[in-house]
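Comments concern the structure below.
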There are 2 protein chains.
Amino acid sequence: MQSQDLKKAGLKATLPRVKILNFLESSKVRHMSAEDVYKAMLESGDDVGLATIYRVLTQFESVGLVTRHHFEEGHSVFELNLGEHHDHIVCIKCGRIDEFYDATIEKRQREIAAKNGFEMTDHALCIYGVCPDCRDQK
Amino acid sequence: MQSQDLKKAGLKATLPRVKILNFLESSKVRHMSAEDVYKAMLESGDDVGLATIYRVLTQFESVGLVTRHHFEEGHSVFELNLGEHHDHIVCIKCGRIDEFYDATIEKRQREIAAKNGFEMTDHALCIYGVCPDCRDQK
DNA sequence: AACGTAATGAGAATTTTTCGCATCTTGAGT
DNA sequence: ACTCAAGATGCGAAAAATTCTCATTACGTT
Ligand SMILES: [Mn+2]
Ligand SMILES: [Mn+2]
Ligand SMILES: [Zn+2]
Ligand SMILES: [Zn+2]
């Protein structure tokens with residue numbers, strides 16, 4: 001039940017929050033914009049204001065329920081946080097997003113941060129390229 | 001002379017372009033927003049419209065004179081391209097930006113792209129953290 | 001069930017970036 | 001140097017994404 005997840009995260013289990021979390025958990029698409037969520041709410045008849053979508057996604061981010069990405073300038077992309085950190089590889093032709101985790105890179109990043117005297121809090125690695133499908137068809 | 005660099009890049013050596021390129025080359029700050037460039041133009045008395053700043057920076061990017069970054073949501077950051085690729089480590093307290101290059105990470109990225117069948121065209125790695133100065137003073 | 005606090009919705013406002021178009025430059029040709 | 005067309009600029013309007021304001025509503029605790 002989403003209500004419990006919300007309470008556990010210290011958030012009131014309001015209808016909009018439950019609906020949004022439910023949608024994020026049931027969607028097969030893992031990475032989506034606020035607008036994507038908004039449209040999905042409209043289609044399912046669950047009217048939630050766009051401002052609320054933004055507020056809720058931001059709150060979800062601050063309690064760790066979702067992660068926000070900036071793959072391309074212009075808009076944020078959100079993803080339900082399933083616990084395992086990973087980075088992304090994005091197709092510049094079709095927008096397909098693959099995920100990966102590389103221990104070597106993770107380790108080097110920590111070393112680099114330390115070497116520069118930074119206390120690392122986060123990092124974002126995004127590889128851009130042309131996916132197998134898009135390469136074939138041209 | 002900036003005019004030559006512009007011609008070499010296939011761009012007309014217009015006054016706004018020369019002024020902007022000149023500013024980018026002479027500034028001690030390497031990473032700046034369109035607004036930063038705009039304000040600098042105003043201060044130096046070289047009036048260049050903001051729309052032109054955006055147009056020129058985008059053109060500079062497409063001919064490889066500058067690189068555009070999306071360190072944080074909300075606005076692009078531009079940097080004069082000096083030839084050597086590098087990644088960034090950004091202080092979340094003061095905004096300080098350090099640069100680094102790590103051959104191991106670069107290599108792993110190429111391997112990951114290949115393993116996923118992607119033809120890599122670009123990548124962006126940004127480490128976020130608290131810089132030495134900001135750690136000390138608190 | 002009642003209440004105080006926090007959340008929502010709708011639209012206005014912001015912020016960043018792009019567009020449209022009349023006017024002005026640049027650079028090639030003379 | 002002079003002319004001219006293509007391309008560039010400036011300005012304000014327009015877009016696009018996100019945040020804010022504030023009156024109204026919903027939680028969840030009593
Ligand atoms: Mn992901
Ligand atoms: Mn840099
Ligand atoms: Zn693709
Ligand atoms: Zn700092």
Could you give the CG-to-P distance, from A/D36 to D/dT18, as a whole number of Å?
11 Å
Just to be sure I understand the rule, does A/S76 reach a base, reach only the sugar-phosphate, or reach nothing, if contact means heavy atoms closer than 4.0 Å?
sugar-phosphate
In terms of heavy-atom contacts, A/T52 and A/P16 come closest through CG2-CB, 3.9 Å
Donor-acceptor pair, distance only, cut-off 3.5 Å: does the side chain of B/R17 make one with the backbone of B/K12?
yes
In residues 49-68 of chain B, which residues come under 4.0 Å of DNA chain C by heavy atom?
B/L50, B/A51, B/Y54, B/R55
Quick one: does A/E25's side chain get under 4.5 Å of A/L21's, heavy atoms only?
yes
Would you say that A/I97 contacts A/V90 through its side chain, given a criterion of any heavy-atom pair below 4.5 Å between the two side chains?
yes
Measure up the B/H86 and B/H88 rings against each other and bin them: parallel (under 30°), tilted (30 to 60°), perpendicular (over 60°).
perpendicular
In whole Å, what is the span from the CG atom of A/D47 to the P atom of D/dT25?
16 Å
According to a 4.5 Å side-chain heavy-atom criterion applied to Ile, Leu, Val, Met, Phe, Trp and Tyr, with indirect links allowed, do B/V48 and B/L65 form part of one hydrophobic cluster?
yes
Just jot down the side chain to side chain donor-acceptor pair (under 3.5 Å) partners of A/H123, sequence neighbours excluded, or say none.
A/H85, A/E106, A/Q109
Kindly say whether B/N81 contributes a backbone atom to a donor-acceptor pair with the side chain of B/T67 at under 3.5 angstrom?
no
If every non-hydrogen atom of B/C91 is compared with every non-hydrogen atom of B/V130, which pair is closest and at what distance?
SG-CA, 4.1 Å
How close do A/V63 and A/A9 get, heavy atom to heavy atom, and via which atoms?
CG1-O, 3.7 Å
Could you list all N or O pairs between the protein and nucleotides 28-30 of chain D that sit under 3.5 Å apart?
from: D/dG28; atom 1: OP1; to: A/A13; atom 2: N; distance (Å): 3.0

Separation of A/Y38 atom OH from D/dT19 atom C1', in whole Å?
15 Å
Separation of B/K19 atom NZ from D/dT9 atom P, in whole Å?
11 Å
A/I112: hydrophobic cluster co-members (side-chain, 4.5 Å)
A/I89, A/F100, A/I105, A/F118, A/M120, A/L125, A/I127, B/I89, B/F100, B/I105, B/I112, B/F118, B/M120, B/L125, B/I127
DNA chain C: 5'-most and 3'-most nucleotides touching chain A, 4.0 angstrom heavy-atom criterion:
C/dT5 to C/dG11
Side chain to side chain contact (heavy atoms under 4.5 Å, CB included) between A/F60 and A/L24, worked out
CA-CA 11 Å; A/F60 281 9; A/L24 293 176; 4.2 Å; yes
Which atom names give the shortest non-hydrogen contact between B/H70 and B/S76, and what distance separates them?
ND1-OG, 4.2 Å
Heavy-atom nearest nucleotide on DNA chain C taken for B/P16 and for B/H75; more 5' hit belongs to B/H75
Note the angle between the end axes of the helix from C/dA1-D/dT30 to C/dT30-D/dA1, five pairs defining each, rounded to 10 degrees.
30°
